[in-house]
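Just so you know, ligand 1 is whichever comes first in the structure, and atom 1 is the first atom listed for that ligand. Start at 1 with the first residue, then count along the sequence. Heavy atoms only: backbone and side chains are in, while hydrogens, waters and symmetry mates are out.
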Amino acid sequence: MNFNIPITNKKRIVIIGGGFGGLELANKLKKSNFQIVLIDKNNYHQFPPLLYQVTSAGLESNEISFPYRKLFQKRKDFYFRLAEVSAIVAENNYIETSIGRLSYDYLVIASGTTTNFYGNENIMKYSMPMKTIEEGLALRNRILTNLEKAITSTDADERQSLLNIVVVGGGATGVELSGAISEMKRFIIPKDYPDLGSDKMNIYLLEGTSKLLGNMSEKASEYAAKTLDEMGVTIRCDSLVTDYKDGKVYLDNGNTIDTRTLIWVSGVTATRFENIGKEQTGRGGRIIVNEFNQIKGFSNIYAIGDVCLLTEEKFPNGHPQVAQVAIQQGNLLAKNFKRMESGKPLEPFHYKDLGTLATIGRNKAVADLHRIKLKGISAWLVWLLVHLRSILGVKNKLFVLINWIWNYITYDQSMRFILYVPKTSKNEKENLSQ
Ligand SMILES: Cc1cc2nc3c(=O)[nH]c(=O)nc-3n(C[C@H](O)[C@H](O)[C@H](O)COP(=O)(O)OP(=O)(O)OC[C@H]3O[C@@H](n4cnc5c(N)ncnc54)[C@H](O)[C@@H]3O)c2cc1C
């Protein structure tokens, strides 16, 4: 198998990953004199901030994803290849992928992160992460299947375990997801499963530190905790999960919770590649880069977004792993490639923090916009606008808006399908590399 990409007199930039950073970079290099190759292990760009709504049956997966080939349909000197990159051979300027080798003049690593299970085998094997669309759909299946099982279970303990949902990680994703599941419990499950007794459903939100939304203001985290509590979510801060076996979550304080649904949204670690060694990585496995996003020791290899660790005075431990950082770095790197072409010096990166948002439920959100701190419906409206604006594609924006309005008016999400992905699709994925 080969990449089938022509060799021209243009310099080739290979971008690994079409997430927020990689996509911004590819888009902003539209009018450059480079040949661009975008490689991603999926054939679509996804919008993770709304993944929890796919999981909680509010949106369909295609509403928060966009195929790369459609995005770049009319683009010249642009090539998308569906492949997984495994190694970077920097000394010879090529990468190893599931479909073969590809050489580059410049390489940009924009491959993001994966879920961090902190080395716990059982948690890795049996918990449900929610980082990708596939995982979001698997989690939706699990929640809905367990409700179906609970309704027919004759064993009281088993039934309770099926009705207990444990979310681990009190960051924005954990808060948003537990809020959404609690709204399902209140508005949907009593109607869909009148004979279940949904009051017996318990939602636990476990957080290892002393507060929820650790990267937001004190006010925001207090409001989130109070609101979730009122919505019936049981919050346990300062609770570290040590194991998950035989349907039991083990906590460091000796307590256990029975559950068939352990949702793990508690941390991430940078994606790794062979030949990127320890000396090039820092906290969370992130690749250390300088102010131009260049990797230590290599003038033609860059890393942007969640995968990289760039420190500046205000961010001595690196930037937060959020979409805005990836987008701003992708944008600046595109500018710097163009500056390089015209022999101008490169501009250093400085993060412009636009604020942080998290939604908790209908009419309930928090927004830290520097000095302005919003909560409740005003924050919720800001959250809706910002997210609607950020989703790719007019059709997706329209469908998301229609679904939101529909769900708001009817209190009813309509995507409650249990759709198992047949095993063959995994084989098909593997076939790509043969
Ligand atoms: C559930 C969830 C909710 C979030 N909510 C918010 C939010 O509300 N606001 C916010 O600012 N941020 C949010 N984030 C974080 C945000 O999504 C990330 O900061 C952002 O996606 C980082 O962009 P990136 O380009 O660095 O990486 P990503 O967007 O993760 O993209 C990485 C890309 O690389 C591809 N890839 C990975 N490895 C390989 C490989 N070996 N070979 C080929 N391709 C590869 C992946 O398929 C993916 O397309 C959320 C994240 C999650 C998981």
Side-chain angles (χ1 to χ4, degrees), residues 14-26 37-56 64-68 80-88 95-99 102 108-116 129-136 139 167 169 171-177 180 213 215-216 263-274 276 286-287 293 303-310 319-331 333 351 353-359 365-367 383 386-387 390-391 432-433:
V14 173
I15 306 170
I16 308 174
F20 286 107
L23 196 64
E24 177 74 9
L25 173 66
V37 183
L38 175 65
I39 303 179
D40 202 296
K41 59 184 179 179
N42 294 313
N43 76 336
Y44 55 85
H45 168 83
Q46 62 169 10
F47 188 74
L50 292 182
L51 194 51
Y52 82 94
Q53 295 202 7
V54 172
T55 296
S56 55
I64 64 156
S65 45
F66 214 94
Y68 293 119
F80 170 74
R81 291 294 178 264
L82 180 63
E84 182 154 7
V85 178
S86 53
I88 292 158
I95 53 172
E96 294 280 6
T97 81
S98 52
I99 59 168
L102 181 70
V108 182
I109 306 173
S111 49
T113 53
T114 56
T115 301
N116 194 349
M130 196 194 67
K131 184 95 184 53
T132 63
I133 288 191
E134 284 167 349
E135 289 169 353
L139 182 51
V167 180
T173 303
V175 165
E176 291 176 343
L177 189 58
L213 299 178
N215 63 341
M216 293 190 75
I263 304 174
W264 193 259
V265 286
S266 144
V268 291
T269 181
T271 44
R272 275 152 222 251
F273 299 96
E274 284 167 38
I276 298 278
R286 290 164 84 177
I287 301 171
N293 285 92
I304 57 173
D306 278 7
V307 76
C308 80
L309 186 69
L310 191 160
H319 298 106
Q321 286 165 298
V322 293
Q324 265 307 316
V325 173
I327 292 169
Q328 291 176 28
Q329 288 182 343
N331 190 9
L333 187 54
Y351 176 46
D353 186 356
L354 302 177
T356 313
L357 306 166
T359 183
V366 281
W383 183 93
V386 167
H387 285 78
S390 313
I391 299 168
L432 271 170
S433 57

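In this structure, A172 does not count as a contact residue of ligand 1, since none of its heavy atoms falls inside 4.0 Å of the ligand. Proximity of Y44 to ligand 1 is not established, as no heavy-atom distance is less than 4.0 Å.
Inclusion of M130 in the set of residues having an N or O under 3.5 Å from an N or O of ligand 1 is not warranted. Ligand 1 has an N or O atom lying under 3.5 Å from an N or O atom of A323, backbone or side chain. The N/O atoms of F20, backbone and side chain alike, include one that comes under 3.5 Å of an N/O atom in ligand 1. An N or O contact shorter than 3.5 Å is missing between E176 and ligand 1 by distance. For ligand 1, the polar-atom distance check finds an N/O of K41 within less than 3.5 Å of one of the ligand's N/O atoms. Annotation: E84 places no N or O atom under 3.5 Å from an N or O atom of ligand 1; distance criterion only.
For the side chain to side chain donor-acceptor pair (under 3.5 Å) criterion with S111, the lone passing option out of D306, T271, D40 is T271. The residue from T113, T115, T114, T173 that alone fulfils the side chain to side chain donor-acceptor pair (under 3.5 Å) condition with K131 is T113.
Each of the atoms 49 (O) of ligand 1 lies under 4.0 Å from some heavy atom of Y68. Using a 4.0 Å cut-off to heavy atoms of N42, the atoms of ligand 1 that qualify are 47 (O). For ligand 1, the atoms closer than 4.0 angstrom to any heavy atom of G305 are 26 (O).
Nearest protein neighbour of atom 34 (O) of ligand 1, counting heavy atoms only, is G17 CA, 3.2 Å. In this structure, the protein non-hydrogen atom closest to atom 38 (N) of ligand 1 is S111 CB, 3.6 Å. If you check which protein heavy atom lies closest to atom 23 (O) of ligand 1, you get A326 CB, 3.5 Å. In terms of protein heavy atoms, atom 28 (P) of ligand 1 is closest to G19 CA, 3.9 Å. For atom 19 (O) of ligand 1, the nearest protein heavy atom (residue, atom name, distance) is D306 OD1, 2.9 Å.
Using a 4.0 Å cut-off between heavy atoms, P49 contacts ligand 1 through both its backbone and its side chain. Of the heavy atoms in F47, none comes closer than 4.0 Å to ligand 1. With a 4.0 Å heavy-atom cut-off, ligand 1 is reached by the side chain of F273 but not by its N, CA, C or O. Contact annotation: for T173 versus ligand 1, heavy atoms closer than 4.0 Å belong to the side chain alone. Contacts between A358 and ligand 1 below 4.0 angstrom, taking non-hydrogen atoms only, are absent altogether.
Less than 4.0 angstrom separates atom 14 (N) of ligand 1 from none of the non-hydrogen atoms of the protein.
In this structure, Y351 and L310 have side chains that are not in contact, with every pair of non-hydrogen atoms separated by 4.5 Å or more. Counting heavy atoms from C-beta outward, S390 and F20 have side chains that stay 4.5 Å or more apart. Two residues are said to be in side-chain contact when any heavy atoms from C-beta on lie closer than 4.5 Å; V265 and Y52 fail this criterion. Under the 4.5 Å side-chain criterion, counting only non-hydrogen atoms from C-beta, N42 is not in contact with I133. Side-chain atoms of T356 and L213, non-hydrogen and from C-beta on, never get closer than 4.5 Å to each other. Within the 4.5 Å cutoff, side-chain heavy atoms of L139 are placed close to those of L177.
In this comparison of T113, V85, N43, L25, the heavy atom closest to atom 42 (N) of ligand 1 sits on V85. With atom 27 (O) of ligand 1 as the reference point, the heavy atom nearest to it among G21, P320, G112, S65 is part of G112. The closest heavy-atom contact to atom 50 (C) of ligand 1, among the options S98, S86, P48, A83, comes from P48. Relative to atom 46 (C) of ligand 1, the option among D40, I39, I327, T55 with the closest non-hydrogen atom is D40.
Not a single donor-acceptor pair under 3.5 Å links the side chain of E96 to the backbone N or O of S86. A donor-acceptor contact shorter than 3.5 Å links the side chain of Y68 to the backbone of G18. Without hydrogens or angle criteria, Q329 side chain to N293 main chain gives no donor-acceptor distance under 3.5 Å. Under a 3.5 Å cut-off, the side chain of T55 and the backbone N or O of G136 do form a donor-acceptor pair. When atom types are taken as modelled, the side chain of W264 and the backbone of N116 share a donor-acceptor pair closer than 3.5 angstrom. The backbone N or O of F66 lies less than 3.5 Å from no partner atom in the side chain of Y44, so there is not a single donor-acceptor pair.
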